[in-house]
Amino acid sequence: MTTHHPLYETRYGGVDQTVPEITTTLIDQLLTHRSVRAFRPDPVSDAQLGAMIAAAQSAASSSNLQVWSVVAVRDQATRDQLAEFAGNQVHVRKAPLQLVWLADLSRLAHIAAAEARPSEALDYTEMFLVGVIDAALAAQNAVAAAESMGLSTVYIGGMRNRPEDVARVLNLPPKTFAVFGMCVGHEDEARPASVKPRLPQSAVLHHERYSTDQAAAIADYNAAMARFYEAQQMDVKGTWAVHSAKRVAGPASLSGRDRLVEALKQRGFALK
Ligand SMILES: Cc1cc2nc3c(=O)[nH]c(=O)nc-3n(C[C@H](O)[C@H](O)[C@H](O)COP(=O)(O)O)c2cc1C
């Protein structure tokens with residue numbers, strides 16, 4: 001074990017972190033992940049999109065059901081609409097490609113119907129969750145693939161603010177749900193993003209049993225994030241802990257997503 005490595009220093013914001021002696025080019029790349037919110041207009045090519053999707057399809061999938069889909073949106077007018085639905089996020093407007101990742105039970109419903117078989121299990125929350133998990137695993141493989149090609153991304157959870165509007169504009173059939181969007185493009189080097197520190201491993205990695213003794217790790221992380229905010233000249237009020245607590249203060253903190261169960265039921269998920 002070594003104790004210093006530039007990629008670990010950045011990833012953990014200078015908080016002491018034991019550095020494993022092993023690494024690979026893939027791990028090094030993952031350690032440098034940054035969400036990017038400033039894009040050049042240059043397009044993402046069909047070849048780049050195809051490679052991202054092949055990587056996405058290479059993710060594990062629950063029972064190999066592959067209950068996810070993705071809508072690739074390049075059209076500016078549609079991106080403008082999606083940006084508005086997602087809380088007027090400028091980067092959704094500007095990034096040349098918006099990928100909208102779906103939990104998709106509709107394909108399986110059709111397959112069952114074509115086979116003249118019942119598909120009542122699709123009405124259970126478990127199957128909705130399977131779709132969300134499949135979509136998320138696929139999407140993260142696509143992010144890693146994009147970054148390996150020099151592209152940049154940022155997930156857009158704001159796509160859940162107005163699920164019915166997103167579904168209408170993208171012509172989504174029942175039993176599909178836009179889990180999140182994803183901006184893809186080339187970073188505007190004039191406004192580069194930085195690697196954002198993560199919690200110390202001791203907060204997230206538990207050996208054999210869960211440990212609630214996380215106060216020291218959280219204090220260290222608050223300090224690391226304070227250094228990050230200052231370096232980025234970000235005017236963030238309070239510590240990371242305060243900022244995070246504010247995000248869960250009440251239904252109003254959920255940007256319209258407090259009515260998600262209702263929206264999901266309208267989208268054809270019974271959530272039994
Ligand atoms: C599911 C999900 C939804 C997100 N939604 C948004 C979003 O709507 N807008 C945005 O600017 N960033 C969004 N993000 C990006 C996070 O803010 C970002 O990942 C986090 O601050 C950590 O920064 P990093 O990715 O640069 O390490 C989202 C990330 C995830 C995983």
Side-chain angles (χ1 to χ4, degrees), residues 7-15 17 27-39 56 59 68 70 73 79-95 97-103 128-129 131-148 151-163 165-166 177-185 187-188 191-201 203-204 221-222 224-229 231-232 234-236 239-248 253-257 260:
L7 295 179
Y8 279 74
E9 299 241 350
T10 320
R11 176 47 72 211
Y12 292 104
V15 174
Q17 181 65 60
I27 294 169
D28 283 357
Q29 183 206 302
L30 294 172
L31 286 168
T32 59
H33 158 77
R34 303 161 299 126
S35 288
V36 164
R37 299 179 179 82
F39 294 93
W68 65 275
V70 61
V73 178
R79 275 160 39 209
D80 287 348
Q81 280 181 298
L82 294 175
E84 187 198 330
F85 300 156
N88 275 316
Q89 298 196 46
V90 176
H91 36 286
V92 177
R93 232 174 268 279
K94 294 273 165 107
L97 174 64
Q98 182 64 213
L99 295 179
V100 183
W101 297 86
L102 311 175
F128 170 69
L129 202 52
V132 171
I133 293 167
D134 265 15
L137 297 179
Q140 183 53 32
N141 261 18
V143 166
E147 291 177 353
S148 77
L151 294 169
S152 297
T153 65
V154 60
Y155 284 94
I156 302 298
M159 214 56 78
R160 295 190 302 277
N161 292 2
R162 292 166 57 179
D165 288 331
V166 171
F177 172 67
V179 181
F180 41 69
M182 180 188 289
C183 300
V184 187
E187 181 174 29
D188 178 354
R191 292 181 292 157
S194 297
V195 171
K196 192 182 282 182
R198 291 296 194 265
L199 284 162
Q201 283 195 7
V204 302
Y221 188 58
N222 279 335
M225 285 304 283
R227 290 191 291 273
F228 177 78
Y229 297 143
Q232 300 298 306
M234 289 167 73
D235 183 24
V236 177
T239 61
W240 171 82
V242 167
H243 177 62
S244 301
K246 280 187 186 165
R247 293 297 292 257
V248 294
S253 330
L254 293 174
S255 312
R257 300 177 219 167
L260 202 53

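Quick caveat: nothing in here was measured; it's all calculated off a predicted structure. Every number for a ligand or one of its atoms is a count from 1 in the order of the listing.
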Visitor: How about Gln98 and Met159: do any of their side-chain heavy atoms sit closer than 4.5 Å?
Guide: yes

Visitor: Can you confirm whether Val15 sits close enough to Tyr221 that some side-chain heavy atom of one is under 4.5 Å from a side-chain heavy atom of the other?
Guide: no

Visitor: Any N or O of Ser194 that comes nearer than 3.5 Å to an N or O of ligand 1?
Guide: no

Visitor: Among protein heavy atoms, which sits nearest to atom 21 (O) of ligand 1, and what does the distance come to when rounded to 0.1 Å?
Guide: Lys196 NZ, 2.7 Å

Visitor: Flag the pair Thr32 / Glu147 as yes when at least one side-chain heavy-atom distance between them is below 4.5 Å, and no otherwise.
Guide: no

Visitor: Identify the protein heavy atom lying closest to atom 3 (C) of ligand 1, giving its residue, its atom name and the separation to 0.1 Å.
Guide: Gly157 N, 3.4 Å

Visitor: Hey, is ligand 1 close enough to Arg198 that some N/O pair sits below 3.5 Å?
Guide: yes

Visitor: Looking only at protein heavy atoms, identify the closest one to atom 15 (C) of ligand 1 and say how far it is in Å.
Guide: Arg37 NH2, 3.5 Å

Visitor: Near Gln89, which atoms of ligand 1 are under 4.0 Å from a heavy atom of that residue?
Guide: 7 (C), 8 (O), 9 (N), 10 (C), 11 (O)

Visitor: Is there a donor-acceptor pair closer than 3.5 Å between any side-chain N or O of Arg11 and the backbone N or O of Val195?
Guide: no

Visitor: May I ask you to identify, for Met159, whether its side chain, its backbone, both or neither come under 4.0 Å of ligand 1 on a heavy-atom basis?
Guide: neither

Visitor: Aromatic rings Tyr155 and Phe180: how do their planes relate, parallel, tilted or perpendicular, breaks at 30° and 60°?
Guide: perpendicular

Visitor: Under 4.0 Å from a heavy atom of Arg34: which atoms of ligand 1 are those, numbered in the order shown and with their elements?
Guide: 26 (O)

Visitor: Using distance alone, determine whether Phe180 and ligand 1 share an N or O pair under 3.5 Å.
Guide: no

Visitor: For atom 7 (C) of ligand 1, what's the nearest protein heavy-atom neighbour? Residue, atom name and distance, please.
Guide: Tyr155 O, 3.4 Å

Visitor: With only distance considered, is Arg160 within less than 3.5 Å of ligand 1 through an N or O on each side?
Guide: no

Visitor: Please report which non-hydrogen protein atom sits nearest to atom 26 (O) of ligand 1, along with the residue it belongs to and the distance in Å to one decimal place.
Guide: Ser35 N, 2.7 Å

Visitor: Under 3.5 Å, N or O to N or O, is Gly158 touching ligand 1 that way?
Guide: yes

Visitor: Out of curiosity, Thr10 OG1 to Arg198 CZ, how far, rounded to the nearest 0.5 Å?
Guide: 12.5 Å

Visitor: Please evaluate residues Gln17 and Glu9 with respect to the criterion side chain to side chain contact (heavy atoms under 4.5 Å, CB included), reporting the C-alpha separation (whole Å), side-chain torsions for both, the decisive distance (0.1 Å), and the verdict.
Guide: CA-CA 8 Å; Gln17 181 65 60; Glu9 299 241 350; over 6 Å; no

Visitor: Side chains of residues 81-88: which donor-acceptor pairs under 3.5 Å do they make with residues two or more places apart or in other chains?
Guide:
residue, atom, partner, partner atom, Å
Asn88, OD1, Arg93, NH2, 3.1

Visitor: Could you grab the distance from atom NZ of Lys94 to atom CG of Asp188, nearest 0.5 Å is fine?
Guide: 9.5 Å

